[in-house]
*Asks:* 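First the structure, then my questions, so here it is.
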2 protein chains.
Amino acid sequence: MGSFSIRELTREFGVTSRTIRHYEDIGLLTPERRGQTRVYSAADRTRLKLILRGKRFGLSLEESRQIIQMYDPAAGNRAQLERLLARLREQRESLLARRRELDAMLEELEAAETACQTALAGQARAARSVAGTRNTRRNNR
Amino acid sequence: MGSFSIRELTREFGVTSRTIRHYEDIGLLTPERRGQTRVYSAADRTRLKLILRGKRFGLSLEESRQIIQMYDPAAGNRAQLERLLARLREQRESLLARRRELDAMLEELEAAETACQTALAGQARAARSVAGTRNTRRNNR
DNA sequence: GTTGACGTTGACGTCAACGTAAACTTGGGG
DNA sequence: CCCCAAGTTTACGTTGACGTCAACGTCAAC
């Protein structure tokens, strides 16, 4: 219940076992072994989730490694904690920047969408007036 | 003023000329030529910006190609417009999903941040009470 | 007229992130 | 007891996204 086979994880996250083993090869996951078969803990599962989410945001595996280490830290000494805190704030800033960009994209998409709709409406009018090939030009941007 | 050299674009966006030419190789950019040197229009510049922004979100160049085509379409016929509209909405949905994920990451980061801060505060207390190596265990997650 | 800075075209190299194939082991069901 | 599905290791292959290098054109400046 707190542990998973490799196959379970592949099914849950839609990745191949090769991928998961690859993450182990480069030290992103370190499952236990029962005999020689891998046994993944809930923490491993969480790590995997973080990695894959990172990928969806264009993070490299190395970048994800950084983030994972931040969640891990086994609370070291004061200096370590403060470095960690600083990195957390950096990460938050960069995430916020991404969020702003994402919102910009969303606005552009919506603009394109309404432009598209008005174009359709224009075509409808054109069709009613049986005008020939009228070039509804609306080139902003 | 409405046109740019390759070097200008590299400087503006912090990419190499190789990168820009690569985008041309795979048909993402199609600058004019003055003689044999490339001349980029404002539209080319916008495309490049879209591509690079896409990358920051983990889009492949092929995925960016899709998006670019949506901004381009020279407003075809009705059917084309409606397909475009549908794709725009899909894109918007996927962007919204990403936004939700991003917000989730932000929340987790902030949680980690406060956890980190309380850990620091705990260390401060421990230091005052001159207690030895007390293992401030706070393992949630 | 040569020196830079900038441009070009191939062509090959590299690096991350896996895919794929082969050959082997292992635990439980018929 | 034997099979087989799911696991393993080892090792080479592939793909995307460029980097790097050589060899050369062009043009303004000194």
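Labels below follow one simple rule: chain letters A, B, ... track the order of the sequence lines, proteins then strands, and each chain is numbered from 1. All values derive from a computational prediction rather than experimental measurement.
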*Asks:* Any ion pair linking Arg89(B) and Glu93(B) (charged N to carboxylate O, less than 4.0 Å)?
*Replies:*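 Not counted as a salt bridge, because no side-chain N and carboxylate O are separated by less than 4.0 Å.
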*Asks:* Taking CD from Glu8(B) and P from dA5(C), how many angstroms apart are they, rounded to a whole number?
*Replies:*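 Going from Glu8(B) (CD) to dA5(C) (P), I get 17 Å.
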*Asks:* Let's go through Arg45(B) and Glu12(B) carefully: what are the C-alpha distance in whole Å and the side-chain angles of both, what is the deciding distance for salt bridge (Lys or Arg N to Asp or Glu O under 4.0 Å) to 0.1 Å, and is it a yes or a no?
*Replies:* CA-CA 10 Å; Arg45(B) 200 189 84 120; Glu12(B) 177 171 1; 2.2 Å; yes
*Asks:* Would you mind reading off the distance between Ile20(B) atom CD1 and dA17(D) atom P, rounded to a whole angstrom?
*Replies:*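 The answer, rounded to whole Å, is 16 Å.
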*Asks:* All N/O contacts under 3.5 Å from nucleotides 1-6 of chain D to the protein, with atom names and distances to one decimal?
*Replies:*
none

*Asks:* Which residues pass the salt bridge (charged side-chain N to carboxylate O under 4.0 Å, His left out) test with Glu90(A), sequence neighbours left out?
*Replies:*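 Counting only residues at least two positions away or on another chain, Glu90(A) forms no salt bridge (charged side-chain N to carboxylate O under 4.0 Å, His left out).
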*Asks:* Give the dot-bracket line for DNA chain D from 5' end to 3' end: parentheses for intra-strand Watson-Crick or G-U pairs under 3.5 Å, square brackets for crossings, | for inter-strand pairing, dots for unpaired.
*Replies:* ||||||||||||||||||||||||||||||
*Asks:* Taking CG from Asp25(B) and P from dG16(D), how many angstroms apart are they, rounded to a whole number?
*Replies:*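 Those two atoms, CG and P, are 14 Å apart.
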*Asks:* Quick one: Leu28(B) CG to dG16(D) C1', roughly how many Å, whole number?
*Replies:* 12 Å
*Asks:* Scan residues 30-40 of chain A against DNA chain C and write down, sorted by residue number, each residue with any heavy atom closer than 4.0 Å; if none is found, say none.
*Replies:* none
*Asks:* Before you tell me yes or no, could you show the steps for Gln66(A) and Leu59(A) under side chain to side chain contact (heavy atoms under 4.5 Å, CB included), namely the whole-Å CA-CA distance, both residues' side-chain angles and the distance that decides it to 0.1 Å?
*Replies:* CA-CA 10 Å; Gln66(A) 302 297 321; Leu59(A) 301 189; over 6 Å; no
*Asks:* Arg21(B) CZ to dA11(C) P: how many Å, rounded?
*Replies:*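 Distance check: Arg21(B) CZ to dA11(C) P gives 16 Å.
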*Asks:* Check the pair Arg38(B) / Glu24(B) against salt bridge (Lys or Arg N to Asp or Glu O under 4.0 Å), numbers first and verdict last.
*Replies:* CA-CA 10 Å; Arg38(B) 294 164 170 85; Glu24(B) 184 175 351; 2.5 Å; yes
*Asks:* Cluster question for you: counting only ILVMFWY and a side-chain heavy-atom cut-off of under 4.5 Å, with indirect links fine, are Ile51(B) and Phe13(B) together?
*Replies:*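 Cluster IDs for Ile51(B) and Phe13(B) match.
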*Asks:* When hydrophobic residues are tied together by side-chain contacts of less than 4.5 Å, even through go-betweens, does Leu96(A) share a cluster with Met105(A)?
*Replies:* yes
*Asks:* For residues Tyr40(A) and Leu9(A), report the shortest heavy-atom separation together with the two atoms involved.
*Replies:*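 What the structure gives for the nearest pair is CG-CD1, 3.5 Å.
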*Asks:* First locate atom CG of Leu88(A), then atom CZ of Arg92(A), and finally report the distance between them rounded to the nearest 0.5 Å.
*Replies:* 9.0 Å
*Asks:* Does the side chain of Arg11(B) reach to within under 4.5 Å of the side chain of Ile6(B), using non-hydrogen atoms?
*Replies:*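 Not in contact.
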*Asks:* Establish whether Val39(B) and Val15(B) are linked, either directly or via other cluster members, by ILVMFWY side-chain heavy-atom contacts under 4.5 Å.
*Replies:*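 Different clusters: Val39(B) never reaches Val15(B) through Ile, Leu, Val, Met, Phe, Trp or Tyr contacts under 4.5 Å.
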*Asks:* Salt bridge between Arg53(B) and Glu108(A), side-chain N to carboxylate O under 4.0 Å?
*Replies:*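 Judged by the 4.0 Å cut-off on N to carboxylate O distance, Arg53(B) and Glu108(A) do form a salt bridge.
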*Asks:* Restricting to salt bridge (charged side-chain N to carboxylate O under 4.0 Å, His left out), what partner residues turn up for Arg56(A), sequence neighbours left out?
*Replies:* Glu101(B)
*Asks:* When you compare the protein's N or O atoms with those of nucleotides 17-21 of chain C, which come within less than 3.5 Å of each other, and at what distance?
*Replies:*
{"unit_1": "dA17(C)", "atom_1": "OP1", "unit_2": "Leu61(A)", "atom_2": "N", "d": "2.8"}
{"unit_1": "dC18(C)", "atom_1": "OP1", "unit_2": "Lys55(A)", "atom_2": "NZ", "d": "2.8"}
{"unit_1": "dC18(C)", "atom_1": "OP2", "unit_2": "Tyr23(A)", "atom_2": "OH", "d": "2.7"}
{"unit_1": "dC18(C)", "atom_1": "OP2", "unit_2": "Lys55(A)", "atom_2": "NZ", "d": "3.1"}
{"unit_1": "dG19(C)", "atom_1": "OP2", "unit_2": "Thr16(A)", "atom_2": "OG1", "d": "2.6"}
{"unit_1": "dG19(C)", "atom_1": "OP2", "unit_2": "Thr19(A)", "atom_2": "OG1", "d": "3.2"}
{"unit_1": "dG19(C)", "atom_1": "N7", "unit_2": "Arg18(A)", "atom_2": "NE", "d": "3.2"}
{"unit_1": "dG19(C)", "atom_1": "O6", "unit_2": "Arg18(A)", "atom_2": "NH2", "d": "3.1"}
{"unit_1": "dT20(C)", "atom_1": "O4", "unit_2": "Arg18(A)", "atom_2": "NE", "d": "3.1"}

